[in-house]
Asker: 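One structure, pasted below without further comment.
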Amino acid sequence: MSALAIVPGEIINLFQEHFRTGATPVVYRAPGRVNLIGEHTDYNLGYVFPIALDMACYVAIAPAQHGKLRIYSRDVNDEFALDVREIQAAMPQKKWHDYVVGVARELVSVGMTIEAADICIISQVPAGSGLSSSAALEISTAVALLGGRNMKPLDIALLGQRAESGFVGMPCGIMDQYASVFGHAGAAIQIDCRSLEHEYVEIPEDVRIFAVNSMVKHELGTSAYRDRVAECQAAVAAIQEIEPEVRSLRDVPLALFARIQESVPLTPRKRARHVISETQRVLDFAAAARANDLREMGRLFIASHRSMQYDYEITSEEIDFLVDTAIKVPGIYGARMTGGGFGGCTVNLVAPESASSFRQALTTAYEERFHITPAFYDCKPAEGAGPV
Ligand code: ADP
Ligand code: MG
């Protein structure tokens with residue numbers, strides 16, 4: 001159910017076997033995350049509310065004499081090598097190693113020297129499921145390449161984001177990398193994506209958080225993500241005609257939006273309505289968490305899902321089915337899709353005594369409907385990136 005614990009020994013053995021070396025690497029980890037609420041609000045400079053997971057990406061690194069960065073990922077069973085003198089001029093290749101090379105390139109551009117090294121990667125974060133295996137990979141690579149060198153945590157997060165948006169080519173917000181850096185055991189991270197400050201908010205103890213993997217990821221994801229970014233910009237442009245000081249959807253309170261929404265063309269209007277209401281839901285969710293009000297937290301989950309389903313239009317048949325099935329199970333406070341969309345995972349607030357009936361009911365119904373067995377992840381807030 002929960003991911004395999006990776007003892008540093010396992011990755012060290014793999015490192016030595018793969019690279020046929022007796023060198024002892026240093027091991028770093030960076031977690032994936034599950035976003036509890038606040039979807040697609042990060043690039044609109046609103047609030048998000050993720051927890052870092054105990055599922056993490058591990059990177060073992062040791063200096064080498066061959067003049068290259070040799071990067072091996074067990075998860076894709078592939079190796080890529082690049083001369084360290086060519087890092088800065090490297091071009092994206094639309095491959096998994098773009099994430100790693102993108103990070104190395106960002107480090108070089110801020111003046112960090114990258115010496116030749118062997119790098120071995122093992123991740124527990126399922127890729128492409130909305131739990132941010134990409135940020136876990138970027139941030140674990142960044143801390144590994146930094147070694148002991150000092151860099152502000154926020155700068156590490158920003159550098160990972162730049163690697164993903166500028167090099168990999170995914171115009172992502174800051175949430176995933178931020179959560180991977182600033183994760184905290186026992187708490188969610190309320191991030192203000194404009195000021196880039198955060199607050200830790202404790203999650204009530206009498207609830208369990210399950211991510212449920214639909215095991216389906218629709219290809220549409222990346223192009224639709226770009227479309228949503230552009231549609232939000234179109235909404236801002238239309239609003240600026242009336243309110244010139246508005247810079248992002250973060251600047252538009254719900255009451256103002258209600259007054260002027262007719263001036264925004266239909267599709268951008270629906271996207272803006274999601275983003276603006278979702279930003280408010282993050283604040284309401286944090287207040288409900290602080291008040292131990294699980295019913296209200298669950299209500300906000302469902303409202304968030306409906307907003308993604310009907311206004312942002314980023315859910316899928318499988319995901320809607322998982323949510324609709326979950327919220328009928330007794331003891332489930334709420335369910336919603338988490339992550340970028342078009343498949344991936346839902347996140348569920350579950351009364352502890354209902355955990356097994358929840359898994360049973362969802363597995364049976366999903367198998368019957370789609371002939372797929374969903375995976376369950378018991379999400380416990382964990383610490384952010386660092387040495388192991
Ligand atoms: P998510 O971040 O939700 O898991 P993304 O599409 O953003 O989904 O990132 C998934 C991609 O990140 C994978 O397709 C792969 O290219 C890369 N990736 C993540 N983890 C690993 C890994 N352990 N080894 C190699 N590539 C990885
Ligand atoms: Mg990602």
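Hydrogens, waters and symmetry mates play no part in the numbers below; they use all other heavy atoms, side chains included. Both counts, for ligands and for their atoms, begin at 1 and track the order of listing. None of the values given here were measured: they were computed from a predicted structure.
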Asker: Does any donor atom in the side chain of T338 or N35 lie under 3.5 Å from an acceptor atom in the other side chain?
Answerer: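 Judged by distance alone, the side chains do not pair up.
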Asker: For atom 10 (C) of ligand 1, tell me which residue out of G32, S133, S140, S123 has the closest non-hydrogen atom.
Answerer: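 The option holding the nearest heavy atom is S133.
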Asker: Under 2.8 Å from the Mg ion (ligand 2) - does any N, O or S atom of S134 fall there?
Answerer: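 It does: S134 brings an N, O or S atom closer than 2.8 Å to the Mg ion (ligand 2).
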Asker: Quick one about T315 and D320 (side-chain donor to acceptor, distance below 3.5 Å, no hydrogens or angles considered), yes or no?
Answerer: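 Their side chains do contain a donor-acceptor pair, which is all the 3.5 Å distance test asks for.
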Asker: Using distance alone, decide if ligand 1 has a nitrogen or oxygen within less than 3.5 Å of any nitrogen or oxygen in I122.
Answerer: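 No, since none of the N or O atoms of I122 sits under 3.5 Å from an N or O of ligand 1.
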Asker: Is A127 close to ligand 1, meaning an N/O of one under 3.5 Å from an N/O of the other?
Answerer: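 N/O-N/O distance under 3.5 Å: no.
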Asker: In this structure, which one of R273, K270, R306 forms a salt bridge (charged side-chain N to carboxylate O under 4.0 Å, His left out) with E313?
Answerer: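 Of the listed residues R273, K270, R306, the salt bridge (charged side-chain N to carboxylate O under 4.0 Å, His left out) partner of E313 is K270.
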Asker: Evaluating non-hydrogen atoms only, which member of S134, G344, A135 is closest to atom 5 (P) of ligand 1?
Answerer: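 Of the listed residues, S134 has the closest heavy atom.
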Asker: I'd like to check which ligand 1 atoms, numbered from 1 as shown, lie under 4.0 Å from a non-hydrogen atom of D75.
Answerer: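 Numbered from 1, ligand 1 contributes 22 (C), 23 (N).
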Asker: Checking side-chain polar atoms at under 3.5 Å, does H18 have a donor or acceptor matched by the opposite partner on E79?
Answerer: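 Per modelled atom types, H18 and E79 side chains form a pair under 3.5 Å.
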Asker: If the cut-off is 4.0 Å to any non-hydrogen atom of G130, which atoms of ligand 1 fall inside it?
Answerer: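 In order of numbering, the contacting atoms are 3 (O).
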Asker: How about Y310 and H274: are their ring centroids closer than 6.0 Å?
Answerer: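 Ring centres of H274 and Y310 not closer than 6.0 Å.
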Asker: With atoms numbered from 1 as shown, which atoms in ligand 1 lie under 4.0 angstrom from a non-hydrogen atom of P126?
Answerer: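 Here the atoms of ligand 1 in question are 4 (O).
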Asker: Report the C-alpha distance between R281 and S277 in whole Å, list the side-chain angles of each, state the deciding distance to 0.1 Å, and finish with yes or no for side-chain hydrogen bond (donor to acceptor under 3.5 Å, both in side chains).
Answerer: CA-CA 6 Å; R281 276 188 290 272; S277 62; 3.1 Å; yes
Asker: Do Y47 and R250 have side-chain atoms, one donor and one acceptor, less than 3.5 Å apart?
Answerer: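 Yes, R250 and Y47 have a side-chain donor paired with an acceptor closer than 3.5 Å.
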Asker: Any heavy atom of C57 sitting closer than 4.0 Å to ligand 1?
Answerer: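 Per 4.0 Å heavy-atom rule, C57 does not contact ligand 1.
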Asker: Mind checking whether S129 contacts ligand 1 via backbone (N, CA, C, O), side chain (CB onward), both or neither, at a 4.0 Å heavy-atom cut-off?
Answerer: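 Under 4.0 Å from ligand 1, S129 contributes backbone atoms alone.
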Asker: Against heavy atoms of L131, which atoms of ligand 1 measure under 4.0 Å?
Answerer: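 Near L131, meaning under 4.0 Å from one of its heavy atoms, ligand 1 has 3 (O).
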Asker: Give the atom numbers and elements of ligand 1 that come within less than 4.0 Å of a heavy atom of G128.
Answerer: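 Numbered from 1, ligand 1 contributes 1 (P), 4 (O), 8 (O), 10 (C).
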Asker: Any idea which protein heavy atom is nearest atom 11 (C) of ligand 1, and the distance to it?
Answerer: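 Among all protein heavy atoms, the one nearest atom 11 (C) of ligand 1 is Y99 OH, 3.6 Å.
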Asker: May I ask whether atom 26 (N) of ligand 1 is less than 4.0 Å from at least one protein heavy atom?
Answerer: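 Under the 4.0 Å cut-off, atom 26 (N) of ligand 1 does have protein heavy-atom neighbours.
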Asker: If the threshold is 4.0 Å, N to carboxylate O, is there a salt bridge linking D83 and R85?
Answerer: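 Yes, charged N to carboxylate O under 4.0 Å.
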Asker: Could you state the interatomic distance from CG (L69) to NE2 (H97), rounded to the nearest 0.5 Å?
Answerer: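 Answer for the CG-NE2 pair, L69 versus H97, is 12.5 Å.
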Asker: Does either side chain, that of S307 or that of E278, offer a donor lying less than 3.5 Å from an acceptor on the other one?
Answerer: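 The criterion, which ignores hydrogens and geometry beyond distance, is not satisfied for E278 and S307.
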Asker: Is the shortest side-chain N to carboxylate O distance from D311 to R271 below 4.0 Å?
Answerer: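 Answer for the salt bridge query: no.
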Asker: Are any of the heavy atoms in C172 under 4.0 Å away from ligand 1?
Answerer: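 No heavy atom of C172 comes that close to ligand 1.
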Asker: Which residue holds the protein heavy atom closest to atom 21 (C) of ligand 1, what is that atom called, and what is the gap in Å?
Answerer: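 Minimum-distance protein heavy atom for atom 21 (C) of ligand 1 reads L137 CD2, 3.9 Å.
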Asker: Please list, in number order, the atoms of ligand 1 under 4.0 Å from a heavy atom of S73.
Answerer: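 Matching atoms, with element in brackets: 22 (C), 23 (N), 24 (N), 25 (C).
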Asker: Yes or no: does G339 have any heavy atom under 4.0 Å from an atom of ligand 1?
Answerer: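 For ligand 1, residue contact (heavy atoms, under 4.0 Å) with G339 is absent.
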